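The block underneath contains the structure these notes are about, expressed in structure tokens.
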Number of protein chains: 2
Amino acid sequence: MLCKRLRKRLQSVLFLKPTLYVTFENMKKKHNITLKELAKSLNISISTVSRALNDHPDISQSTKEKVKKLANEHNYVPNLFASGFRSHRTHILGVIVPNISHYFTTTVLKGVLEEGENLGYRVIISESKNDDKKQSEMLQTMMQFGVDGVLLALSRKTKSVDDILQTVNRIPLVMFDKVSGKIPCTQVVINEEEAAYNAVEHLINTGKRRIAIIKETEGSFNSEKRFEGYLRALKEHNLPIDEKIILSTEDISLTKGRMMANILLSLKKRPDAIFAITDSAAIGVIKALNKFKVSIPDEIAVVGFSNSASSTIISPSLSTVDQPGNKIGRTAVKYLIDEIENPKEDLITKTIEIKTNLIVRDSSFKV
Amino acid sequence: MLCKRLRKRLQSVLFLKPTLYVTFENMKKKHNITLKELAKSLNISISTVSRALNDHPDISQSTKEKVKKLANEHNYVPNLFASGFRSHRTHILGVIVPNISHYFTTTVLKGVLEEGENLGYRVIISESKNDDKKQSEMLQTMMQFGVDGVLLALSRKTKSVDDILQTVNRIPLVMFDKVSGKIPCTQVVINEEEAAYNAVEHLINTGKRRIAIIKETEGSFNSEKRFEGYLRALKEHNLPIDEKIILSTEDISLTKGRMMANILLSLKKRPDAIFAITDSAAIGVIKALNKFKVSIPDEIAVVGFSNSASSTIISPSLSTVDQPGNKIGRTAVKYLIDEIENPKEDLITKTIEIKTNLIVRDSSFKV
DNA sequence: AACGTTTTCGCAAACGTTTGCATAACAAAA
DNA sequence: TTTTGTTATGCAAACGTTTGCGAAAACGTT
């Protein structure tokens, strides 16, 4: 069957471009060579070949060399499904993220792909769509699929972590970005609190005294941390904390940002700066301010969080906290693979904090 | 070993939250039930169980029901590595895209993931980073990894398609977005030419007569097609074609868009509209026009292509061609899986054109 | 009752690899 | 020479599934 398919394809190719005859040569090696064939060719046993290739100490140097040489010549590649089947290792990593379309997420994924592929792993990606149940399903199928480990960024509202705990008990799992203290595993995060602190302090340094914050309602690990940073910055600079300008919203977004800005503008005592916990919200704020001809940053300065692609598109350009997604991805993968390849009996739950960078643009500081 | 790991994890969990004892129950079923066990339990042979589960016609209805019932009770899941190993099927799809960070790409990937998962496949994603060699490597590793089929969007400058042809000869391959006529396989694309035609016609309908285009230098399938649409629109409306306002650039981008706009502004006879083949370039154009206080769309209108996330962020908002990425992804996957599951001896190279939609915003038409 | 036909099922091999155990070869110690 | 000890290699089982082939059971037809 395959052979026929091959021939037909070939005909078609040849028909299109008669000069492409070279492809025929290449197609000969349609069958990956196996240990058995190598063994027969060298007149030794399969097990010896296997061990030689895996540098087993029992095999003599001379045999190893012979075997490796032949294997190279025939560019032998082990059948991953046979070995995975036998050894219960697949060399596949699973990644679950809430939304693959967020720019920040894609930078993390880039890092994951790069580092993972470097270390010899393939990566399966899934979206939980911020859906608790979907997330459980993904976890489930990934496990029964046999991934060697899982990288997980929690969906927005994860109520129960039972299934995640179950996963943690079966295979290595590393969390990043959206994490939860309830799950004992290594977690790669940014210094949320400090980043927010720095952002707010920057506003204070530019002379702002009445700084509003737009955050998520609750239950969001990241939002809470950033809010803590906000509070600490105000306290340490002896600024009053006014609940009127502390706004919370569910599923924070551009539209919500705009709405919150409208609320803030209608206040008797307007803020002179707005710190939005999210770039999208910050952009909504800017749009609202622009609409009402509020000058940015003079009347009201704006700072966001994430350094999304849009932050340089909006006008004025948005000051924001840069999260090094690539580094986060690479780091998470490294820890995950380490857990896979060097399984410890004792559970060590590290938390790795990646440093962020405040990027000052026109929305908070004009030269 | 696993057991120890389990116990340790458990201890740790218990230590954190003593109430979570329930997880212990769940952890019991650490071993997936096998065909052999089902067979023993029913006192029938393994092969009968296997065939019953796979709805083989040789098996009686009553037996099938018995088997399926028991399988469900023990929530049996086939060991994918055993069956993949045996049947040379992995139920994994490979996707190779130039850049995972482009918004359009992520929408395609969303579609691929959704539809693929629906149909029982996992998806491995890789980035070619617009690197010819990387792309070959990815293709290579994916094949030796054993994916059942490959979804491919060509990297920007793919010189040789030999290795792709080789892949086509081995396993099903479907191309999307960035395709090449040199490769005999089914291709899922948008109606590039028509989309561009519509965009330009829209500009003509709003009264524009001197419409510039910013495109890629050459060799880009998409760019050529869009250019053809541009030319046809002008011709069919009896407008002159002026090479002075046909600008080409390599690796088109926001910066390049800005540069091209500057060139166009310096012309004695300025255009009254600019059609950029890419949203990013169009946004660059808008930035340049804004800088020089050129009123949009009155003096110069702008239309882009892709409906990227930023097109509503920029001000004025960008008129652009919406490419239904999700649909493209879903369609491509459907065709790919069909090829996988119903292999034809004869090669049929379909081309599926997905309809696009012109989205009119402020940059081309003011209410 | 003897014989076909169809339906339903089991046996056993195969997929490519890893690995415990046995064994061969050989040298050194008894 | 026999024993003991290394070192190097081979045998064969196992992982869980699919599948060609053969056979038993069931049924109908002369």
Side-chain angles (χ1 to χ4, degrees), chain A residues 1-2 29-68 70-71 74-92 120 143-146 148 341, chain B residues 1-2 29-68 70-71 74-92 120 143-146 148 341:
Chain A
M1 214 287 297
L2 183 70
K29 50 171 181 178
K30 111 187 108 188
H31 167 70
N32 278 340
I33 196 162
T34 68
L35 285 188
K36 195 198 289 188
E37 293 165 304
L38 288 179
K40 190 159 46 180
S41 169
L42 285 169
N43 249 333
I44 55 178
S45 77
I46 298 178
S47 34
T48 304
V49 177
S50 171
R51 281 190 257 251
L53 256 16
N54 292 329
D55 265 332
H56 194 284
D58 273 7
I59 305 298
S60 72
Q61 203 54 40
S62 62
T63 316
K64 278 185 190 172
E65 277 164 17
K66 265 193 308 185
V67 172
K68 285 183 181 174
L70 191 72
H74 293 268
N75 53 26
Y76 163 81
V77 285
N79 179 318
L80 285 172
F81 282 85
S83 65
F85 174 40
R86 184 76 227 282
S87 62
H88 290 217
R89 287 278 308 274
T90 62
H91 282 261
I92 302 183
M143 291 205 32
Q144 80 179 44
F145 188 83
D148 285 349
E341 301 191 340
Chain B
M1 216 287 297
L2 184 69
K29 50 175 180 176
K30 106 186 116 190
H31 166 68
N32 280 339
I33 196 162
T34 69
L35 286 187
K36 196 198 292 188
E37 293 165 305
L38 288 179
K40 190 160 45 179
S41 171
L42 285 169
N43 250 335
I44 55 179
S45 78
I46 297 179
S47 33
T48 303
V49 177
S50 172
R51 279 190 258 252
L53 256 16
N54 293 330
D55 265 330
H56 193 285
D58 273 8
I59 304 298
S60 72
Q61 203 53 42
S62 62
T63 315
K64 279 185 191 172
E65 278 164 16
K66 262 193 308 183
V67 172
K68 285 183 181 174
L70 190 73
H74 292 269
N75 55 22
Y76 164 81
V77 285
N79 179 321
L80 286 171
F81 281 84
S83 66
F85 172 42
R86 179 73 227 279
S87 61
H88 289 220
R89 289 274 310 275
T90 63
H91 283 258
I92 303 184
M143 292 206 30
Q144 78 178 47
F145 188 83
D148 285 349
E341 301 191 340

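Letters go in sequence order (proteins before strands), and every chain restarts at 1. Because the structure is a prediction, the values reported are computed rather than measured. Values reported hereafter were calculated over all heavy atoms of this structure, with side chains retained and with hydrogens, waters and symmetry mates removed.
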Under the side-chain contact (heavy atoms from CB on, under 4.5 Å) test, which residues partner [X], sequence neighbours left out?
X: A:Lys68; answer: A:Leu53, A:Asp55
X: A:Ser45; answer: A:Ser47, A:Thr48
X: B:Glu65; answer: B:Gln61
X: B:Ile46; answer: B:Leu35, B:Lys36, B:Ala39

Expressed as a whole number of angstroms, how long is the span from [X]:[atom1] to [N]:[atom2]?
X: A:Lys36; N: D:dC11; atom1: NZ; atom2: P; answer: 14 Å
X: B:Ile33; N: D:dC15; atom1: CD1; atom2: C1'; answer: 17 Å
X: A:Asp55; N: C:dT19; atom1: CG; atom2: P; answer: 14 Å
X: A:Asn54; N: C:dG20; atom1: CG; atom2: P; answer: 13 Å
X: A:Leu35; N: C:dC15; atom1: CG; atom2: P; answer: 13 Å
X: B:Asp58; N: C:dT6; atom1: CG; atom2: C1'; answer: 10 Å
X: A:Gln61; N: D:dT9; atom1: CD; atom2: C1'; answer: 16 Å
X: A:His91; N: C:dT17; atom1: NE2; atom2: P; answer: 14 Å

Query raised in the report: Taking a pair as Watson-Crick or G-U wobble with both distances under 3.5 Å, which nucleotide is matched to C:dC15?
Result: D:dG16
Requested in this report: Indicate, with a heavy-atom threshold strictly under 4.0 Å, whether A:Ser83 touches base, sugar-phosphate, or nothing.
Outcome: sugar-phosphate
Requested in this report: With heavy atoms under 4.0 Å as the rule, sort B:Ser60 into base, sugar-phosphate or nothing.
Outcome: sugar-phosphate
Mind listing the N/O atom pairs, protein and nucleotides 26-28 of chain C, below 3.5 Å?
none

Report summary line: When B:Phe85 and B:Arg51 are each assigned the nearest nucleotide of DNA chain C, the 5'-most assignment goes to B:Arg51
Requested in this report: Would you kindly compare A:Ala82 and B:Thr48 by the position of their nearest DNA chain C nucleotide and give the one closer to the 5′ end?
Outcome: B:Thr48
Euclidean distance, [Y] [atom2] relative to [X] [atom1], rounded to 0.5 Å:
X: B:Asn79; Y: B:Phe85; atom1: CG; atom2: CZ; result: 11.0 Å
X: B:His74; Y: B:Thr34; atom1: NE2; atom2: OG1; result: 11.0 Å
X: A:Arg51; Y: A:Ile44; atom1: CZ; atom2: CD1; result: 11.0 Å
X: A:Ile33; Y: A:Leu38; atom1: CD1; atom2: CG; result: 4.5 Å

Query raised in the report: D:dA8 phosphate, OP1 or OP2: any side-chain N/O from A:Thr63 under 4.0 angstrom?
Result: no
Query raised in the report: Checking side-chain contact (heavy atoms from CB on, under 4.5 Å) against B:Val49, which of B:Val67, B:Ile59, B:Leu70 comes through?
Result: B:Val67
Query raised in the report: For DNA chain D, whose closest nucleotide is more 5', that of B:Asn79 or that of A:Val49?
Result: A:Val49
Report summary line: The nucleotide from D:dT17, C:dC9, D:dC15 with an atom nearest the side chain of B:Ile59 is C:dC9
Query raised in the report: Which residues in residues 39-47 of chain A have at least one heavy atom lying under 4.0 Å from any atom of DNA chain C?
Result: A:Ile46, A:Ser47
Query raised in the report: Quick one: does B:His56's side chain have a donor or acceptor within less than 3.5 Å of a partner on B:Asp58's backbone?
Result: yes
